[in-house]
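We number each residue from 1, following the sequence as shown.
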Amino acid sequence: KLENATAKQELGRASWKLMHTMMARFPDEPTADDSLALQTYIQLFARLYPCGDCASHFQLLLQEYPPQTSSRNAAAGWACFVHNEVNKRLKKELFDCSKIGDFYDCGCGEDGKDGKG
Ligand code: FAD
């Protein structure tokens, strides 16, 4: 089957959005179990990402730049950095990671306070 660049880009945008939004909600002071969960998630994400070429490249990036999961800042900064490494390879504009602060808002408000989850 032919490659469909539009679908591949859409998948990429959706995936990055989920990844960065997840980092923005990761605990400031994670437990060892939180950090392990994020490490595992990222490794499985890199293994199972549906675009095989993207997944192979991303696995190499993870080897070179191991996921940082010691805090929200560390995790968000790491994800911004590796996304920029992908941007470089695809010759895209780089994102200013000092501005990542409030950029990714999950829209969930204060979880558990509205009774709807
Ligand atoms: P995207 O890169 O999708 O970014 C979406 C939005 O995120 C941007 O508009 C910007 O607002 C913001 N953003 C940009 N950079 C950052 C950053 N560093 N930190 C935080 N936010 C940022 N495509 C390929 O063709 N080949 C590949 O090998 C490939 N590998 C990929 C690997 C992974 C793990 C993922 C998730 C995607 C990969 N993609 C690959 C898809 C590619 O990265 C883009 O998602 C796709 O090309 C759409 O690009 P875009 O210009 O819309 O912006």
Side-chain angles (χ1 to χ4, degrees):
K1 197 158 185 280
L2 281 177
E3 174 171 320
N4 176 341
T6 306
K8 188 173 166 182
Q9 287 173 4
E10 242 174 63
L11 173 69
R13 276 191 289 277
S15 301
W16 286 124
K17 174 116 182 186
L18 173 61
M19 165 91 83
H20 294 301
T21 307
M22 201 176 271
M23 300 311 184
R25 296 282 289 189
F26 191 65
D28 284 320
E29 296 180 0
T31 63
D33 189 54
D34 292 330
S35 292
L36 178 62
L38 185 57
Q39 287 280 346
T40 307
Y41 180 90
I42 293 166
Q43 296 297 339
L44 291 175
F45 169 86
R47 176 164 154 194
L48 298 171
Y49 193 75
C51 152
D53 289 337
C54 310
S56 311
H57 283 295
F58 197 61
Q59 285 167 34
L60 292 177
L61 266 180
L62 292 194
Q63 283 179 27
E64 201 170 346
Y65 307 106
Q68 304 297 306
T69 61
S70 61
S71 69
R72 174 182 298 177
N73 265 342
W78 172 84
C80 189
F81 176 85
V82 291
H83 188 169
N84 271 338
E85 289 298 304
V86 174
N87 289 341
K88 273 189 217 166
R89 195 160 54 75
L90 301 178
K91 301 195 167 28
K92 288 179 191 278
E93 238 178 82
L94 300 189
F95 189 92
D96 179 352
C97 292
S98 70
K99 298 205 164 72
I100 196 112
D102 292 328
F103 197 80
Y104 290 95
D105 179 359
C106 78
C108 340
E110 285 187 72
D111 280 347
K113 299 257 167 93
D114 66 358
K116 292 179 196 151

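Of all non-hydrogen atoms in A76 and M23, the two that sit nearest each other are CA-CB, 3.8 Å. The two residues P30 and S71 come nearest to each other via the heavy atoms CD-CA, 3.8 Å. Closest heavy-atom contact between Q39 and P67: NE2-O, 3.1 Å. For L61 against V82, the heavy-atom pair with the smallest separation is CD1-O, 3.9 Å. For the pair F26 and R72, the tightest heavy-atom approach, listed with the atom from each and the gap, is O-NE, 2.6 Å.
Using a 4.5 Å heavy-atom threshold, the side chains of F81 and Q68 count as separate. Side-chain atoms of L62 and Q43, non-hydrogen and from C-beta on, do get closer than 4.5 Å to each other.
A donor-acceptor distance shorter than 3.5 angstrom exists from the side chain of S35 to the backbone of T69, with no hydrogens or angles considered.
Under the 4.5 Å side-chain contact rule for hydrophobic residues, L36 and M19 do not share a cluster.
One finds the CD atom of Q59 at 11.5 Å from the SG atom of C54 (value rounded to the nearest 0.5 Å). Rounding to the nearest 0.5 Å places OG1 of T21 at 10.0 Å from CZ of F103.
Enclosure of atom CG in D28 by more than 12 non-hydrogen atoms of other residues, nucleotides or ligands within 6.0 angstrom is indicated. Other residues, nucleotides and ligands place more than 12 heavy atoms under 6.0 Å from the CZ atom of R25.
Between the side chains of D34 and T31, at least one donor N or O lies within less than 3.5 Å of an accepting N or O.
The six-membered or imidazole ring of F58 lies away from that of Y49, with a centre-to-centre distance of 6.0 Å or more.
Checked for salt-bridge contact, K88 and E85 meet the test: a charged N lies under 4.0 Å from a carboxylate O.
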Output a table of donor-acceptor pairs, distance under 3.5 Å, between side-chain atoms of residues 92-99 and any protein atom two or more places apart or on a different chain; print 'none' if there are none.
{"unit_1": "D96", "atom_1": "OD1", "unit_2": "S98", "atom_2": "N", "d": "3.0"}
{"unit_1": "D96", "atom_1": "OD1", "unit_2": "S98", "atom_2": "OG", "d": "2.7"}
{"unit_1": "D96", "atom_1": "OD2", "unit_2": "S98", "atom_2": "OG", "d": "3.3"}
{"unit_1": "D96", "atom_1": "OD2", "unit_2": "K99", "atom_2": "NZ", "d": "3.0"}

